[in-house]
Q: 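The structure under discussion is supplied below as structure tokens; questions concerning it will follow.
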Amino acid sequence: MRAAVIAIGSRGDIQPMLALATGLRRAGHEVVFASEESYRGAAAAHDLEFYRLSGNSERFFAGPAGIRFRESFDRPRAEFRRFWTSYIAPTVRPHLDEVPGACEGVDVAVCQPWLGVAPGMADTGVPACIASVFPPPTLPTHEFPFSLSEHAAGDQGPEGNWRTWRRAALMLRIGHETIQRWRIERLGLPAQTFRESLESIGRLPHVLGYSPLVVPKPAEWGPQIAVTGYWFADTAAGYTPPDDLARFLDAGEPPVVVGFGSHVGRDPGRLTTTVLDALARAGMRGILITAWGGLAVDELPDHVFVSRGVPYDWLLPRVKALVHHGGSGTTAIALRVGVPQVVTPFGYDQTFWGGRVHRLGVAPPPLQAATMTADELAGAMRRAATPEVARRAQEVGAMIRSERGIEQAVALIERVGRQHGER
């Protein structure tokens, strides 16, 4: 079988899709990994054929436009529409136009949900399934709120939860015209109404790469929807830490790791000061992961170490707790390792995951990055570092490690591709 895996976004978006593609490759299939140029090396390292998509998500999410996009989800619908029309649609359309080339000659196309490409490819005769590491906005439920909702941290009750998904539908409608133009102009397909588009998406097979322990599958979702468990990439294989990091880890109590991935606030200096003050007030050592930005580091006290990046599956077993933004990928690896968490959402679905890990008992309630104080963060660090939370994190980690997310997802994708081969 030959499969195309289409993946764009931040590193947290790409890593699980790369792990899924690698799982397909290990199962003996040919895999073309379609992504942006910055991920070419990662694809080659996993023996995957690479198909270049234009754009640079790292630059987008770490820049002013990415901040505006993240903040626009909480703004009035008209403002979100203006931002979509002026910036997002012109950026998304080249990706859409390139996808058919990546899918030439494949038996199955594995697509993320947000580009809306899977139904289009399916209508051209390429079997397609949707792969997502969060509950997609096209699968509403009464059992939990939409992950981008301002109320995503907690259960709003059946009707309250459902209302958040209605807002998700309004957001999807804004991007509907872009998808329809692509269907007509690039694929030569007839346009669909918004309702027809949602129905065609809902009929497709879905593999959802998160744990049913964290977000159980709702009873109202059909059999074509599978919650498989997380898709993990082994990023620690062969890793040797630099000498200064090894010395810091050996020099005292296990530290707290603080890292916000690709998410940058409007005032990195204030955020860094808050983090450093919180570590001092909590009496804890810390490792700051600067990644793409988010933390502005100049002079540091002796009890704080700074790194551009360290594989989390190597580092987290050696620390007391992880303070992070709540991205799905970072949340997943922290759950797998079994380390207590403090989630400080910047936007998107991060509040949702912060609420989920709190419900599991492995983290205090999430703190919004834009408003949290040093006292609040220090208190959250102390709560996360208690023996009770540490024990619960280990229990949950053992359950997460017992899941076989990639194997389950590969089996379902193989079924879709096999049906194509039998035609």
Side-chain angles (χ1 to χ4, degrees), residues 61-62 64 66-68 70-75 148-154 253-307 316 319-327 330-331 334 339-390 393:
F61 284 111
I67 295 174
R68 284 184 57 205
R70 182 177 69 233
E71 293 174 345
S72 69
F73 286 106
D74 296 326
R75 303 289 173 82
L148 295 181
S149 163
E150 60 182 331
H151 305 295
E253 289 291 317
V256 172
V257 172
V258 182
F260 304 122
S262 59
H263 294 277
V264 183
R266 290 191 175 274
D267 191 350
R270 185 202 69 83
L271 180 62
T272 304
T273 298
T274 298
V275 168
L276 294 177
D277 286 352
L279 287 168
R281 295 179 194 198
M284 294 178 178
R285 303 196 317 141
I287 296 178
L288 307 188
I289 307 295
T290 58
W292 299 353
L295 293 171
V297 178
D298 292 319
E299 295 184 7
L300 291 173
D302 291 340
H303 65 276
V304 177
F305 183 88
V306 65
S307 172
L316 295 187
V319 306
K320 183 175 296 184
L322 172 66
V323 178
H324 65 102
H325 56 295
T330 305
T331 302
V339 64
Q341 305 180 46
V342 176
V343 178
T344 63
F346 288 71
Y348 299 126
D349 58 344
Q350 295 158 15
T351 297
F352 177 76
W353 297 114
R356 287 282 145 177
V357 294
H358 174 56
R359 287 164 64 98
L360 282 172
V362 303
L367 296 172
Q368 297 300 318
T371 58
M372 68 180 178
T373 66
D375 278 339
E376 290 171 335
L377 182 55
M381 289 176 179
R382 286 192 290 264
R383 287 192 293 275
T386 61
E388 294 79 13
V389 176

Q: With sequence neighbours excluded, tell me which residues meet side chain to side chain donor-acceptor pair (under 3.5 Å) with T351.
A: Q368
Q: Test: salt bridge (charged side-chain N to carboxylate O under 4.0 Å, His left out). Region: residues 341-361. Which pairs qualify, not counting sequence neighbours?
A: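 Sorted result for residues 341-361: empty, none.
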Q: Would you indicate whether the side-chain heavy atoms of L367 and T373 approach each other to under 4.5 Å?
A: no
Q: Which pair of heavy atoms, one from A278 and one from A374, lies closest together, and at what distance?
A: CB-O, 3.5 Å
Q: Please list all pairs meeting salt bridge (charged side-chain N to carboxylate O under 4.0 Å, His left out) that have one or both residues in residues 369-380, counting only residues at least two apart or in different chains.
A: R281-D375
Q: If you look only at pairs with a residue in residues 379-390, which of them pass as a side chain to side chain donor-acceptor pair (under 3.5 Å), with sequence neighbours excluded?
A: none
Q: In this structure, which one of V258, V256, V323 forms a side chain to side chain contact (heavy atoms under 4.5 Å, CB included) with L288?
A: V258
Q: If you round to the nearest 0.5 Å, how far is CD of E253 from CZ of R285?
A: 8.0 Å
Q: Suppose we screen for side-chain contact (heavy atoms from CB on, under 4.5 Å). Which residues come up paired with H151, at least two apart in sequence or across chains?
A: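 S149, Q156.
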Q: Just how far is it from atom CG of L279 to atom NE2 of H303, taken to the nearest 0.5 Å?
A: 5.5 Å
Q: Tell me every residue that passes side chain to side chain donor-acceptor pair (under 3.5 Å) with D277, counting only those two or more places apart in sequence or in another chain.
A: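 So D277 forms no side chain to side chain donor-acceptor pair (under 3.5 Å) with any residue.
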Q: So T344 and F260, side-chain contact (heavy atoms from CB on, under 4.5 Å) or not? Walk me through it.
A: CA-CA 8 Å; T344 63; F260 304 122; 3.1 Å; yes
Q: Who passes side-chain contact (heavy atoms from CB on, under 4.5 Å) against A384, sequence neighbours left out?
A: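 side-chain contact (heavy atoms from CB on, under 4.5 Å) list for A384, sorted by chain: A321, P340, V342, P364.
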Q: Contact between L322 and T330 at the side-chain level, heavy atoms closer than 4.5 Å - yes or no?
A: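 Of all side-chain heavy-atom pairs linking T330 with L322, at least one is under 4.5 Å.
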Q: Ignoring hydrogens, what is the shortest heavy-atom contact between K320 and A385? Give both atom names and the distance.
A: CD-CB, 3.6 Å
Q: Are the side chains of H324 and V343 in touch, meaning some heavy atoms are under 4.5 Å apart?
A: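 They are in side-chain contact.
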Q: Return the minimal non-hydrogen interatomic distance between G355 and P366, and the atom names on each side.
A: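 For G355 versus P366, the nearest heavy atoms are N-CG, 4.0 Å.
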Q: Looking at every non-hydrogen atom in both residues, tell me the closest pair between H325 and Q350 and how far apart they are.
A: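 Taking every non-hydrogen atom into account, O-CB, 3.1 Å.
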Q: Would you indicate whether the side-chain heavy atoms of L271 and M372 approach each other to under 4.5 Å?
A: yes
